[in-house]
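Quick notes on the structure that follows.
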Amino acid sequence: MTPFISRRSAAALLVWLAVAPGTAVAAAPAGGDPGAPDGSPTAAGDALSPLEEAARPLRTTEPSGPFEDLRPFGEAVGDAVVVGVGEAAHGSHDFVTFRHRVLRYLVEEKGFRSFVLEANWSAGLRLDDYLLTGRGDPARIMSEEFRNAYLLLHSQEYLDMIRWMRAYNVAHPGDPVRFAGTDNGYAGPELYDRVVGHVRRAHPGLLPAVTELYRGLRPALPVDAWMRAAVTAPLDERRARAERTGRVLELLRARGPGGTGDDHAWALRHATVIDQVARLYAFDLSDPRTGPQAMAYRDTVMAENTLWWHRHTGHRLVLGGHNSHLYTRSSTPTLPLTQGAVLRRRLGDGYLAVGLSFDRGAVHATAQGLQNPADQDVGRVEVEPAAPGSAEHVLDRVGHRNWYADLRTAPPAARALLDVTRPKREIGTDYPPAGDRVDLLRSADLVVHLDEIRPSHALPRCGDRLGVPGRTAAEQTRQGQGARPEEDQEQEAPAEQHR
């Protein structure tokens, strides 16, 4: 394949990892009339009273104070075991703090015990260990893990949420809340260490084979550099890595539990995630048909990891991510199968999709289509009021400044009003978005609309330990991960970046 084409297409995957929406031109409506040809609203401007009746005002989007205004939200949750609370922009203060508020309410009053985020699995393990033990510094963990496609997660809003979760656990040591990341953009060194450590303890006869198959795969670069190198490596090399990670997974599955069943289950999941990451990068990105396939695979993986966490912990959980991933149907051709659609198929009414919207404000974002984003690429972007004919324009005509509604129980006229495919802003990491189209009634169970939003607050970076995010030797020993195999200590050189 032509190096220029492969590197350009491959690097685009890093943008897709962070921003599934906003990468495609507007598609034909999936149902309904989006508005008059001149862009002006049609029936939307004449039938707002039923939507007004369904709307419940929000007292605040900040994660503090009483929860009286969320009581109808709790009633709408009902018996759902996974509540997906989306966001219409990654770099927004208000969407993250609203989700934090919902998490607090569902933990304190509805028995939810996990928060699952569109972040890499190994980052989730590190943060979960902090929540359970108090070991480590969450600011440092976030600084080391939330880079490149994940850099907008490196915010004060998420750190505040993590610190609240830790405070809750200190007050409730016998009934802690937990954290998981479900994405497959990166598998940190701790995953390899835990798998190899389990094999050494439970299946020592497999150790030579597993060590050889994992040779050179354990990350020896910071997250952003590793992702850049992985996505630009030759296709045959990426596919060979996936064959090797898949072989380790087959060996573990064939052996069955060894030692404690829980230890085996965790090791098997870690090996599964390592394989999920390798298979994401094994897609042929020089083929224009492959991008949507890779994104569908990614969302399927996130759903599978969410379901595994729910089954293994027994927890009801709040799932955080972009609207486009949590909707129960696609809003863009670049993402033909959503995580929300998989969860709805597997859980039925046990999955509740909450879509978020806003009229105007400001967000943090990078330039459109920027590859391999870094902190210095992020800036404040002013977002103008929603255009006539858009989903946001319809929602913003409700009298409450900030509000939410259960679309399943809304009056028929309100449901008909929202059962129309309209343009909707779905801002990921970059701006401006090219244009998603959403039928809210068929994509979400609840909708939350904010009149105006503010940008998130970026955190300063902590220095990397020897340039490699992960554990010190003492931490590895304490957590029983085992020593790093000597043959895995080589450091891969990053591939040349496309410019």
Check step by step if side-chain hydrogen bond (donor to acceptor under 3.5 Å, both in side chains) holds for Tyr168 and Arg113. CA-CA 11 Å; Tyr168 182 91; Arg113 285 299 179 269; 3.2 Å; yes
Does Leu326 form a side-chain contact (heavy atoms from CB on, under 4.5 Å) with Gln339? I'd like the steps, not just the answer. CA-CA 6 Å; Leu326 303 188; Gln339 176 181 193; 3.8 Å; yes
Among Thr182, Leu319, Leu317, the one residue meeting side chain to side chain contact (heavy atoms under 4.5 Å, CB included) with Trp309: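 Among the candidates, only Leu317 passes.
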Option from Leu249, Asn184, Thr300, Thr245 for which side chain to side chain contact (heavy atoms under 4.5 Å, CB included) with Gln276 holds: Asn184
Can you find a pair of side-chain heavy atoms, one from [X] and one from [Y], that are under 4.5 Å apart?
{"X": "Leu151", "Y": "Asp377", "answer": "no"}
{"X": "Val301", "Y": "Leu280", "answer": "no"}
{"X": "Val248", "Y": "Leu206", "answer": "no"}
{"X": "Glu145", "Y": "Ser122", "answer": "yes"}
{"X": "Arg163", "Y": "Leu159", "answer": "yes"}
{"X": "Met165", "Y": "Leu103", "answer": "yes"}
{"X": "Val210", "Y": "Arg200", "answer": "no"}
{"X": "Phe115", "Y": "His315", "answer": "no"}

Could you check whether [X] pairs with [Y] (Lys NZ or Arg NE/NH1/NH2 to Asp/Glu carboxylate O, under 4.0 Å)?
{"X": "Glu250", "Y": "Arg253", "result": "no"}
{"X": "Arg298", "Y": "Glu118", "result": "yes"}
{"X": "Asp439", "Y": "Arg442", "result": "yes"}
{"X": "Asp128", "Y": "Arg178", "result": "yes"}

Please report the shortest heavy-atom distance between [X] and [Y], naming the atom on each side.
{"X": "Pro336", "Y": "Ala296", "value": "CG-CB, 4.0 Å"}
{"X": "Val438", "Y": "Ser331", "value": "CG2-CB, 3.7 Å"}
{"X": "Arg279", "Y": "Gly246", "value": "NH2-CA, 3.6 Å"}
{"X": "Trp308", "Y": "Ala265", "value": "CZ2-O, 3.8 Å"}
{"X": "Tyr431", "Y": "Glu382", "value": "OH-O, 4.2 Å"}
{"X": "Leu352", "Y": "Ala80", "value": "CB-CB, 4.1 Å"}

Return yes if some donor-acceptor pair links the side-chain N/O of [X] with the main-chain N/O of [Y] below 3.5 Å, else return no.
{"X": "Arg329", "Y": "Ser443", "result": "no"}
{"X": "Ser92", "Y": "Ala89", "result": "no"}
{"X": "Thr328", "Y": "Ala341", "result": "no"}
{"X": "Asn120", "Y": "Asp183", "result": "no"}
{"X": "Asp436", "Y": "Lys424", "result": "no"}
{"X": "Thr97", "Y": "Asp94", "result": "yes"}
{"X": "Arg135", "Y": "Tyr130", "result": "no"}

I would like to know whether Asp224 and Asn372 meet side-chain contact (heavy atoms from CB on, under 4.5 Å); could you show each step before the answer? CA-CA 8 Å; Asp224 47 354; Asn372 302 309; over 6 Å; no
Could you tell me how the ring of [X] sits relative to the ring of [Y]: parallel (under 30°), tilted (30 to 60°) or perpendicular (over 60°)?
{"X": "His264", "Y": "His198", "value": "tilted"}
{"X": "Trp121", "Y": "Trp266", "value": "tilted"}
{"X": "Phe358", "Y": "Phe95", "value": "perpendicular"}

Just how far is it from atom [atom1] of [X] to atom [atom2] of [Y], taken to the nearest 0.5 Å?
{"X": "Tyr327", "Y": "Thr338", "atom1": "OH", "atom2": "OG1", "result": "10.5 Å"}
{"X": "Arg194", "Y": "Asp263", "atom1": "CZ", "atom2": "CG", "result": "10.5 Å"}
{"X": "Leu370", "Y": "Thr429", "atom1": "CG", "atom2": "OG1", "result": "9.5 Å"}
{"X": "Arg422", "Y": "Glu392", "atom1": "CZ", "atom2": "CD", "result": "10.5 Å"}
{"X": "Leu152", "Y": "Thr366", "atom1": "CG", "atom2": "OG1", "result": "7.5 Å"}
{"X": "Ile427", "Y": "Glu87", "atom1": "CD1", "atom2": "CD", "result": "11.0 Å"}

Do other residues, nucleotides or ligands put more than 12 heavy atoms under 6.0 Å from Arg454 CZ? yes
Take Leu307 and Arg311, measure what side-chain contact (heavy atoms from CB on, under 4.5 Å) needs, and give me the verdict at the end. CA-CA 6 Å; Leu307 290 165; Arg311 290 192 306 266; 3.5 Å; yes
Between Arg425 and Ser390, is the side-chain contact (heavy atoms from CB on, under 4.5 Å) condition met? List the steps. CA-CA 8 Å; Arg425 284 182 308 227; Ser390 66; over 6 Å; no
Not counting sequence neighbours, which residues clear salt bridge (charged side-chain N to carboxylate O under 4.0 Å, His left out) with Glu243? List them please. none
So Tyr186 and Asn148, side-chain hydrogen bond (donor to acceptor under 3.5 Å, both in side chains) or not? Walk me through it. CA-CA 11 Å; Tyr186 172 76; Asn148 203 310; over 6 Å; no
